[in-house]
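This report concerns only the one structure given below.
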2 protein chains.
Amino acid sequence: MSRKYGHYCALATALDVVGERWTLLVVRELLGGPLRFGQLKNELPGIPGSLLSARLQGLMAYGVVEQLDGHTYGLTPLGYGLTPALGELARWGLHFIEEQRPDDAFHPRWIQLALHSMFRPGNGESDGPAVYEFRVEGYIFHLIVEGKTLRSVDGPAGDPDLLVKTDAYTLVRIASGRLRPAEALDSGLVKIMGEREEFDRCVSLFMEAGDTPIPYVGPDGHRRRAAVTKET
Amino acid sequence: MSRKYGHYCALATALDVVGERWTLLVVRELLGGPLRFGQLKNELPGIPGSLLSARLQGLMAYGVVEQLDGHTYGLTPLGYGLTPALGELARWGLHFIEEQRPDDAFHPRWIQLALHSMFRPGNGESDGPAVYEFRVEGYIFHLIVEGKTLRSVDGPAGDPDLLVKTDAYTLVRIASGRLRPAEALDSGLVKIMGEREEFDRCVSLFMEAGDTPIPYVGPDGHRRRAAVTKET
DNA sequence: CTGCATCCGCCTCGATACTG
DNA sequence: CAGTATCGAGGCGGATGCAG
């Protein structure tokens, strides 16, 4: 049995279930739909196979993940219930995304989660559903905005209102408030196919106009200790 | 340097900062305001002093916690930014809160977080601010509902619209959908001072009428494995 | 080749004792 | 009271092995 906190507290209980290392990242992967063990392992660079196995067993025991036919694992409704929590955590994590893209592993699917976490339903009134196709480093998906709901679907859209082509690093710089969307467009870091007006509307769905939605906490801002500290 | 996932992903980055054991519980304690090391240790039953020290150092290095005058620690604005994430996690954790109150440690302050996580702004229209005082197992605090915001303050209220007296276990049973508020009131598990109508209004701020907001996942629901599994 | 169990070195964690 | 030092136990990371 895994380590528990032994606090009669909703947060501590949640962490008893999904607080261990790698667990929430496993859930992150499955948010996009069921996956096989191998795919899961491929999209979680660094995880030992044995640990992934253990996590899946644990999550199944809690009813968060279920094993479907043919060695595929998917979230139960309970597991999908973690979506808002993961969204808020991801949104907060944008404060700390590194300025320079490090040699970290990356999968374009990550940014779908980030986009979801920044979605502000209510900004940008749209009558019918709006469809935006994204092409990020070879990966294609599209967002469907309908009223107050946002869905992201893998693959190209049939007839998108806008097509956006860019790279992950640029998206991160925009999301963390270090690059304004208009600048990204003018400098060619973001290329669009469609009306400029539609681009602005798309942007307004995720961030307030002229404002940095997620102020970035730089590497020096990380150190709040006033005086000199031992650097070992 | 703590272990990092090495994923260029907002969620993984957040977990790099607050994903280690005990870290989010330290933040939970500080959400109510700055605390001294000793208080913090007392309200986190089970944490080793050395680990609390390490966590505080780490959080300070990231700018999430800052040391105030006289050995007191408080959240920075960045730290308070974790509020929605902790709220969503706590809300999800309500699915797993044990049916029987175990011998777990408990502090009434925990339930303030749970109440926050269940708050549904927009339910129950109130013109002026509504003030509800809670007395839970000797601990007194009051909620101030004003429009779409909810604040909870330690200590008694001056002139509350309603006074609620109950125990933690009953609150958990209500929150996890196993006990309806009206039943709790009728059976005397919850005692109120004020109008019954005001009680209903208070309830409607946190849960939909006649509906279980957080379906409980019982100990048997935890096992989704169809067949018999080895029990060691 | 995929899915997962096993083994081992290392680092984190948990408990206690110790210092300013 | 605030925080540090020490040490055993156990979770984690990486490599290997085996069954379907």
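Order of the sequence lines fixes the chain letters, A, B, ..., with proteins taken first and strands second; residue numbering starts at 1 for each chain.
Close to C:dC1, at under 4.0 Å from its OP1 or OP2, lies no side-chain N or O of A:Q39. For A:Y73 and C:dT2, the shortest distance from a side-chain N or O to OP1 or OP2 is not below 4.0 Å. Dashed line: the shortest gap from a side-chain N or O of B:R36 to OP1 or OP2 of D:dG3 is not under 4.0 Å. Within the structure, every side-chain polar atom (N or O) of B:H71 is placed at least 4.0 Å from both OP1 and OP2 of D:dC1.
With rounding to whole Å, A:L44 atom CG is found 16 Å from C:dT2 atom P. Rounded to an integer number of Å, the gap from CG of B:L52 to P of C:dT12 is 17 Å. One interatomic measurement links the two molecules: CG of B:N42 to P of D:dG3, which rounds to 13 Å at whole-angstrom precision. Atom pair B:L25:CG and C:dG14:P shows a separation of 11 Å (rounding to whole Å applied). Look at CG on B:L35: it is 11 Å from P on D:dA2, rounded to the nearest Å. As a whole-Å value, the separation of A:Q57 CD from C:dG3 C1' is 11 Å. Rounding to whole angstrom units, CZ of residue A:F37 and P of D:dC18 are separated by 18 Å. In this entry the distance linking CG of B:L56 with P of D:dG3 reads 8 Å, nearest Å.
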Donor-acceptor pairs under 3.5 Å, side chain of residues 81-88 of chain B to any protein atom, not counting sequence neighbours: which ones?
from	atom 1	to	atom 2	distance (Å)
B:T83	OG1	B:Y80	O	2.5

What pairs of donor and acceptor atoms, side-chain ones from residues 25-38 of chain B against any protein atom, are under 3.5 angstrom apart with sequence neighbours left out?
from	atom 1	to	atom 2	distance (Å)
B:R28	NH2	A:H7	ND1	3.1

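Listed nucleotides C:dT12, C:dC4, D:dG3 differ in distance to B:S53; the shortest reach to its side chain belongs to D:dG3.
Between A:R3 and A:D16 there is no salt bridge, since no side-chain nitrogen of the basic residue lies less than 4.0 Å from a carboxylate oxygen of the acidic one. Between A:D104 and B:K4 there is no salt bridge, since none of the side-chain N atoms of the basic residue sits less than 4.0 Å from a carboxylate O of the acidic one.
A distance of 10.0 Å separates NE2 in A:H142 from CD in A:Q112, rounded to the nearest 0.5 Å.
Contact of the B:L163 side chain with the B:K191 side chain is not registered, since no non-hydrogen atoms from C-beta on lie closer than 4.5 Å.
Of all non-hydrogen atoms in A:F206 and A:L150, the two that sit nearest each other are CE2-CD2, 4.1 Å.
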Nucleotide N/O to protein N/O under 3.5 Å, stretch nucleotides 13-17 of chain D:
from	atom 1	to	atom 2	distance (Å)
D:dG13	OP1	A:R21	NE	2.5
D:dG13	OP1	A:R21	NH2	3.2
D:dG13	OP2	A:W22	NE1	2.9
D:dG14	OP2	A:G46	O	3.3

